[in-house]
Amino acid sequence: TTGDATTGDATGDPWDTSGGDTWDTDGEPIPEMCAGYYVDGPPEFGDGCGGGYGQAIGAPEVKDEMCCFTVDWPEICCGRPFSVGEGARVAAVAATRAWLGERLPTPQLGGLDAATRERLAAAWTADGLAEHASVASFARFILELLAVGAPAELVSAAQRALAEEIEHARLCFALASAYRGAPVGPGPLAIDAALDGGGDLRSIVARALVEGCIGETLAALQAGVAAASTGDPAVAAALQSIADDELEHAALAWSFVRWAIDAGGLADAEGLIAAAIDAAEAEARAPIEVSADAEGDALAVYGRLDAGAEQRLRRDGARTVILPALRGLAADLAARRGATSVRAAALRSAAARA
């Protein structure tokens, strides 16, 4: 139950803020400037890049005149995640101009109320943190390419991708800062244990299939759709730039996987591709679990797709783009190696499935 922070009365409905009731989360009152976010429950924040949708947990805090939430992110999909162990790492938010760049995009702010601006700022901040983490991910990928003897062309492409992720982060933080009216950037990023097992080709390929071939392809699709949905030229330009680059990053992942199969000495390629097909099939069959959100849908004109639209894009992209590419790769590998084993036969079967 939730009670009035000043009078101590209580209601049986934890979402009821009528009659002066204010939000209370785990016994902690919600600061007044943050109360507008709690309408039908704890606020949610989309990551803007394909499937990640986080919900605020606990009570927010006011820091530097900003309403700051701890958000539970089930998935981070902007760019290539910086995966360490079982989780994906991002830096903490910092009030800094160090990542804003020289040429800042200037989104249209006219007619935006404070709550909408803060929602947009939070979403672009999350994107910026994810893109910032992608810089670390590609830095590690460059070292991994060197560790497995990859050709110079792949290393050079990964270096370009790293530089592009820096620009993506700058764009996102610049938009977040514009909406918030105060500088936003990343704090330090933890890198401990990030290189554990970094020379194992099979592990590198497995991550490239999931995070690059699947994840970055879907991220490129979503950024392109978001760019077409917005009526703000500055936001559209930022999103289209991100979409174009993410498509190149996805192509790099596919090229690396092909090299690992053809020349890199990858063992059990059939098993890795079959697992990727299974993951993509699950994505293609995923139900749309988020109902229509009028407020979220209204943000599409500012380049922010709601969670339902993100889920539909991921499902359709997996069905029409990812699965045909993976099945083509599987069929090619099976044809070249022949169905001489149980796993190869299973791979041929997976490649033939509609």
Engineer: In this structure, which one of Glu164, Arg170, Glu165 forms a side-chain hydrogen bond (donor to acceptor under 3.5 Å, both in side chains) with His168?
Structural biologist: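 The single option meeting the side-chain hydrogen bond (donor to acceptor under 3.5 Å, both in side chains) with His168 is Glu165.
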
Engineer: Would you say Arg97 has more than 12 foreign heavy atoms packed within less than 6.0 Å of its CZ?
Structural biologist: no

Engineer: Would you kindly confirm whether Leu326 and Leu221 end up in one hydrophobic cluster when ILVMFWY residues are joined by side chain heavy atoms under 4.5 Å apart?
Structural biologist: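 In one cluster: yes.
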
Engineer: Please find the pair of heavy atoms, one from Thr96 and one from Pro186, that lie closest to each other, and give the distance.
Structural biologist: CG2-O, 4.0 Å

Engineer: Quick one: closest heavy-atom pair of Ile214 and Ala276, and the distance?
Structural biologist: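 In terms of heavy atoms, the two residues are closest at CD1-O, 4.0 Å.
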
Engineer: Using 0.5 Å steps for rounding, measure from the CZ atom of Arg140 to the OG atom of Ser83.
Structural biologist: 6.0 Å

Engineer: Please check if Val84 and Leu129 belong to a single hydrophobic cluster, counting links between Ile, Leu, Val, Met, Phe, Trp and Tyr side chain heavy atoms closer than 4.5 Å.
Structural biologist: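 They do not share one cluster, since no chain of ILVMFWY contacts under 4.5 Å joins Val84 to Leu129.
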
Engineer: Return the CD1 to CG distance between Ile273 and Asp332, rounded to the nearest 0.5 Å.
Structural biologist: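 The distance works out to 9.0 Å.
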
Engineer: If you group Ile, Leu, Val, Met, Phe, Trp and Tyr by side-chain heavy-atom gaps below 4.5 Å, do Leu189 and Val93 land in one group?
Structural biologist: no

Engineer: Honestly curious: do Ile204 and Phe82 fall in one hydrophobic cluster under the side-chain, below-4.5 Å linking rule?
Structural biologist: no

Engineer: Say you draw a straight line from OG1 of Thr116 to CG of Leu109; how long is it, rounded to the nearest 0.5 Å?
Structural biologist: 11.5 Å

Engineer: Are side-chain heavy atoms of Asp232 and Val301 found at a separation under 4.5 Å?
Structural biologist: no

Engineer: Return yes when atom CD1 of Ile191 has more than 12 non-hydrogen atoms of other residues, nucleotides or ligands closer than 6.0 Å, and no otherwise.
Structural biologist: no

Engineer: By the ring pair (Phe, Tyr, Trp, His ring centres under 6.0 Å) test, which pairs, at least two apart or in different chains, include something from residues 250-287?
Structural biologist: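 Only Phe141-Phe256 qualify under ring pair (Phe, Tyr, Trp, His ring centres under 6.0 Å).
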
Engineer: Could you state the interatomic distance from NE2 (His249) to SG (Cys213), rounded to the nearest 0.5 Å?
Structural biologist: 13.5 Å

Engineer: I want to check something: taking the side chain as every heavy atom from C-beta on, are Arg312 and Leu305 in contact at a cut-off of under 4.5 Å?
Structural biologist: no

Engineer: Identify the heavy atoms of Ala318 and Leu218 that sit nearest to each other, and give their distance.
Structural biologist: N-CD2, 3.8 Å

Engineer: Determine the minimum heavy-atom distance between Leu247 and Ala220, stating which atoms define it.
Structural biologist: N-CB, 3.6 Å

Engineer: Given 3.5 Å as the limit, does a donor-acceptor pair link the side chain of Arg304 with the main chain of Ala226, or not?
Structural biologist: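 Judged by distance alone, no pair lies under 3.5 Å.
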
Engineer: Identify the residue among Val205, Leu329, Leu272 that makes a side chain to side chain contact (heavy atoms under 4.5 Å, CB included) with Ile261.
Structural biologist: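 In the set Val205, Leu329, Leu272, the residue that makes a side chain to side chain contact (heavy atoms under 4.5 Å, CB included) with Ile261 is Leu329.
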
Engineer: Could you check whether any side-chain heavy atom of Ile322 comes within less than 4.5 Å of a side-chain heavy atom of Glu283, counting everything from C-beta outward?
Structural biologist: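 No, their side chains stay 4.5 Å or more apart.
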
Engineer: Drop me the distance from Leu112's CG to Leu120's CG, to the nearest 0.5 angstrom.
Structural biologist: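 That separation rounds to 6.5 Å.
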
Engineer: Determine yes or no for a side-chain-to-main-chain donor-acceptor pair under 3.5 angstrom, with Ser229 supplying the side chain and Val225 the backbone.
Structural biologist: yes

Engineer: Applying the 4.5 Å side-chain criterion to the ILVMFWY set and letting contacts propagate, would Val210 and Leu145 be lumped into a single cluster?
Structural biologist: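 No, because Val210 and Leu145 fall into different hydrophobic clusters, even though each may have its own neighbours under 4.5 Å.
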
Engineer: Could you name each residue pair satisfying ring pair (Phe, Tyr, Trp, His ring centres under 6.0 Å) that touches residues 208-240, not counting sequence neighbours?
Structural biologist: none

Engineer: Any chance CD of Gln159 has more than 12 other-residue heavy atoms, nucleotides or ligands included, within less than 6.0 Å?
Structural biologist: no

Engineer: Is any NZ, NE, NH1 or NH2 atom of the basic residue among Glu216 and Arg80 found under 4.0 Å from an Asp or Glu carboxylate oxygen of the other?
Structural biologist: yes

Engineer: Hey, what do you get for CG (Leu333) to CZ (Arg258), rounding to the nearest 0.5 Å?
Structural biologist: 8.0 Å

Engineer: Could you walk me through whether Arg89 and Asp192 satisfy the side-chain contact (heavy atoms from CB on, under 4.5 Å) test, starting with their C-alpha distance in whole Å, then the side-chain angles of each, then the deciding distance to 0.1 Å, before giving a yes or no?
Structural biologist: CA-CA 11 Å; Arg89 292 182 182 175; Asp192 53 289; 3.4 Å; yes

Engineer: Indicate the atoms forming the closest heavy-atom contact of Gly199 with Val148, along with that distance.
Structural biologist: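 Scanning both residues, the minimum pair turns out to be O-CG1, 3.9 Å.
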
Engineer: Passes side-chain contact (heavy atoms from CB on, under 4.5 Å), Glu246 versus Gln222? Steps please.
Structural biologist: CA-CA 10 Å; Glu246 293 296 350; Gln222 177 164 337; over 6 Å; no

Engineer: Is there a donor-acceptor pair under 3.5 Å between the side chain of Ser137 and the backbone N or O of Pro81?
Structural biologist: yes

Engineer: When you check the gap from the basic side-chain N to the acidic O, do Asp200 and Arg207 get nearer than 4.0 Å?
Structural biologist: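 Salt bridge absent between Asp200 and Arg207.
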
Engineer: Identify the two heavy atoms, one from Ala243 and one from Gly224, that lie closest to each other, and give their separation to 0.1 Å.
Structural biologist: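 Heavy-atom minimum between the residues: CB-N, 3.5 Å.
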
Engineer: State whether the side chain of Ser134 and the backbone N or O of Ala130 hold a donor-acceptor pair below 3.5 Å, judged by distance alone.
Structural biologist: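 Between the backbone of Ala130 and the side chain of Ser134 there is a qualifying donor-acceptor contact (under 3.5 Å).
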
Engineer: Do Arg180 and Thr125 touch side chain to side chain, with heavy atoms closer than 4.5 Å?
Structural biologist: yes

Engineer: Thinking salt bridges, do Glu248 and Arg160 make one under a 4.0 Å N-O criterion?
Structural biologist: no

Engineer: Could you identify which residues cluster with Leu143, counting Ile, Leu, Val, Met, Phe, Trp and Tyr as linked when any side-chain heavy atoms lie under 4.5 Å apart, either directly or through a chain of such contacts?
Structural biologist: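 Listed partners: Leu195.
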
Engineer: Find out whether Trp124 and Val235 are in side-chain contact, i.e. whether some heavy atom of one side chain is under 4.5 Å from a heavy atom of the other.
Structural biologist: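 Answer yes - side chains close enough.
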
